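Beneath this line is the structure, given in structure tokens, with notes to follow.
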Amino acid sequence: MEPSDSSFKTPCKVERRKSPGVSTQSPTFAIPASPFMKKFGYGTGVSVYLMKRSPKGLSHSPWAVKKVNKQCDYSSKNLYEKRLNDEAKILKNLQHPNIIGYRGLTKAKDGSLCLAMEYGGEKSLNDLIEERSDQRLGPFPADTILKVAVSMARGLKYLHNDKNILHGDLKSSNVVIKGDFESIKICDVGVSLPLDANMIMNNPKAYYIGTESWKPKEALEEDGVITDKSDIYAYGLTLWEMMTLTIPHVNLPPEDEDDEEDSFDEDDFDEDAYYEALGTRPALNADELDDSYQRVIELFFMCTSEDPKERPSAAQIVDALEAENIQ
């Protein structure tokens with residue numbers, strides 16, 4: 001993000017969640033200007049920064065601050081601010097070890113809307129996938145994938161069963177990892193959708209946004225019925241990402257190990273094949289994976305069925321993995 005603040009610190013008010021039996025006032029805290037925070041993530045129209053908090057020598061846990069880019073045009077800015085407001089409203093009511101926690105919502109002095117969240121780690125799962133791909137290390141170990149699988153499933157079970165919320169944009173870049181997979185948290189609930197008691201999204205004013213490569217078949221159809229199983233398809237593709245280190249359905253030719261130059265060319269991309277493949281189960285060369293991946297492969301196949309009714313629920317996935325003592 002380009003430097004935009006006129007001062008090093010911007011005092012502002014932030015709404016804080018109240019603890020039971022404790023009366024708290026909305027404290028004033030300072031959001032440093034963008035150049036004085038470490039940028040570690042970004043999305044369309046927003047950037048994410050690490051905000052260190054140690055006033056007067058005290059030690060406080062850092063926060064992640066999602067900030068709407070000041071450079072957005074007026075209409076785009078309104079859209080991203082609405083999504084950030086929506087995300088804040090949802091996060092305020094969520095509390096789970098596998099979901100990023102809410103800390104506050106405010107506007108900085110430059111007018112940029114900022115959402116302060118729990119700091120879950122500097123890297124997304126997508127970052128780690130790209131690093132592993134660049135280093136040509138091959139698939140993540142099966143036990144690591146299963147650890148991610150059970151953590152994500154627990155977060156989804158909480159969203160679906162306890163809060164009747166569909167995440168709506170699950171993918172590796174919306175999973176935050178701390179350290180050596182010490183904690184695994186789902187983030188970015190700004191485009192989530194409400195589910196009814198039958199786990200169906202039936203609000204006529206709401207629609208599935210998602211990200212194209214991770215969209216299930218029903219989200220690509222004009223009359224498709226969106227349910228909790230729409231998240232499960234994207235969940236399955238996230239496990240696939242960890243096995244293949246690539247983006248679903250893109251199918252670019254393998255890089256030449258002897259070619260240090262970026263050899264990507266638009267001619268390498270088959271656009272027709274890509275759009276035809278959306279919503280289907282991407283190919284997986286299981287012969288390249290040893291027996292330790294058997295459980296991961298089975299889970300991937302179940303979750304990526306084109307028929308939502310054939311996909312397991314998040315609760316069923318948690319029960320199955322915990323029964324195998326996967327933590």
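Position 1 is the first residue of the sequence, and the numbers go up from there. The analysis underlying the following values was restricted to heavy atoms, covering all of them including side chains, and did not include hydrogens, waters or symmetry mates. As the structure is a prediction and not an experimental result, all values here were calculated from the model.
- For the atom pair Tyr293 OH and Met242 CE, the distance stands at 9.0 Å (nearest 0.5 Å).
- Contact annotation: the side chain of Lys185 approaches that of Glu118 to within less than 4.5 Å [non-hydrogen atoms, C-beta and beyond].
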Should Thr304 and Trp240 be marked as a side chain to side chain contact (heavy atoms under 4.5 Å, CB included) after you check the CA-CA gap, both sets of side-chain angles, and the distance that decides it? CA-CA 10 Å; Thr304 53; Trp240 182 88; over 6 Å; no

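- Using a 4.5 Å cut-off between side-chain heavy atoms of Ile, Leu, Val, Met, Phe, Trp and Tyr, with links allowed through other members, Leu166 and Val189 fall into different hydrophobic clusters.
- Of all non-hydrogen atoms in Ala314 and Ile232, the two that sit nearest each other are N-CD1, 3.8 Å.
- Under the 4.0 Å criterion applied to side-chain N and carboxylate O atoms, Glu212 and Lys215 are not assigned as salt-bridge partners.
- Side-chain contact between Lys217 and Thr280 is present, with heavy atoms from C-beta onward closer than 4.5 Å.
- Residue-environment remark: CD (Glu322) exceeds the threshold of 12 foreign heavy atoms within 6.0 Å.
- Closest of all the heavy-atom pairs between Glu182 and Gly179 is OE2-CA, 3.8 Å.
- For the pair Lys229 and Ser313, the minimum side-chain heavy-atom distance is below 4.5 Å.
- Residue Leu193 is not grouped with residue Tyr158 when hydrophobic side chains (ILVMFWY) are merged at heavy-atom distances under 4.5 angstrom, including chains of intermediate members.
- Between atom CG of residue Asp188 and atom CD1 of residue Ile90 there is a gap of 11.0 Å, rounded to the nearest 0.5 Å.
- Put simply, the side chain of Lys147 never gets that close to the backbone of Ile326: no donor and acceptor are under 3.5 Å apart.
- Salt-bridge annotation for Lys123 and Glu131: present, with a side-chain N of the basic residue lying under 4.0 Å from a carboxylate O of the acidic one.
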Between Leu159 and His96, does the side chain to side chain contact (heavy atoms under 4.5 Å, CB included) criterion hold? Intermediate values first, please. CA-CA 9 Å; Leu159 289 178; His96 188 275; over 6 Å; no

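- Annotation: Leu128, atom CG; neighbour count of heavy atoms from other residues, nucleotides and ligands within 6.0 Å is above 12.
- In terms of heavy-atom proximity, Val175 sits nearest to Cys187 at N-SG, 4.3 Å.
- Asn98 contributes a side-chain N or O that, together with a main-chain N or O of Ile184, makes up a donor-acceptor pair within less than 3.5 Å.
- Summarising the geometry of Ala315 relative to Asn161, their closest heavy-atom pair is CB-ND2, 4.1 Å, with the distance given to 0.1 Å.
- A donor-acceptor pair under 3.5 Å is absent between the side-chain atoms of Arg281 and the main chain of Glu306, judged by distance alone.
- Atom CG of Asn285 has more than 12 neighbouring heavy atoms from other residues, nucleotides or ligands inside a 6.0 Å radius.
- The two residues Ile129 and Ser172 make their nearest non-hydrogen contact at CD1-CB, 3.8 Å.
- Residues Phe140 and Leu239 are not in side-chain contact: their nearest non-hydrogen atoms beyond the backbone lie 4.5 Å or more apart.
- The residues Glu218 and Arg311 are annotated as salt-bridged, a charged nitrogen and a carboxylate oxygen being separated by less than 4.0 angstrom.
- The side chain to side chain contact (heavy atoms under 4.5 Å, CB included) with Asn174 is formed by just one residue from the set Ile100, Asp169, Asn126; it is Asp169.
- No hydrogens or angles considered: a donor-acceptor pair under 3.5 Å links the side chains of Ser292 and Asp290.
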Verdict with supporting geometry, Leu170 and Leu156, side chain to side chain contact (heavy atoms under 4.5 Å, CB included): CA-CA 10 Å; Leu170 206 61; Leu156 287 178; 3.7 Å; yes

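- For the atom pair CG of Asp162 and CG of Leu94, the computed distance is 10.0 Å after rounding to the nearest 0.5 Å.
- Val176 and Val191 fall into different hydrophobic clusters, where Ile, Leu, Val, Met, Phe, Trp and Tyr are joined by side-chain heavy atoms under 4.5 Å apart, directly or via other members.
- Cluster annotation: Tyr208 and Met201 are assigned to the same hydrophobic cluster (Ile/Leu/Val/Met/Phe/Trp/Tyr, side-chain heavy-atom contacts under 4.5 Å, transitive).
- In this structure, Val65 and Tyr119 have side chains that are not in contact, with every pair of non-hydrogen atoms separated by 4.5 Å or more.
- For the atom pair Asp228 CG and Ile165 CD1, the distance stands at 13.0 Å (nearest 0.5 Å).
- Note on Asp86 versus Lys82: salt bridge recorded, some NZ/NE/NH1/NH2 to OD/OE distance being below 4.0 Å.
- Distance CE/Met302 to CD1/Ile317: 7.0 Å, rounded to 0.5 Å.
- At least one side-chain heavy atom of Leu289 sits under 4.5 Å from a side-chain heavy atom of Pro139.
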Go through the steps for Glu87 and Lys66 under the test side chain to side chain contact (heavy atoms under 4.5 Å, CB included), then give the verdict. CA-CA 11 Å; Glu87 183 173 6; Lys66 184 182 289 188; 3.0 Å; yes

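- Here the shortest heavy-atom pairing between Leu105 and Tyr102 reads N-OH, 3.3 Å.
- With contacts defined as side-chain heavy-atom distances shorter than 4.5 Å, the pair Tyr233/Pro308 does not qualify.
- The distance from the CD1 atom of Ile200 to the CG atom of Asn164 is 11.5 Å, given to the nearest 0.5 Å.
- Note on Lys171 versus Glu241: no salt bridge recorded, every NZ/NE/NH1/NH2 to OD/OE distance being 4.0 Å or above.
- Criterion: ILVMFWY side-chain heavy atoms under 4.5 Å apart, direct or through other members. Under it, Leu195 and Val318 are not part of a common hydrophobic cluster.
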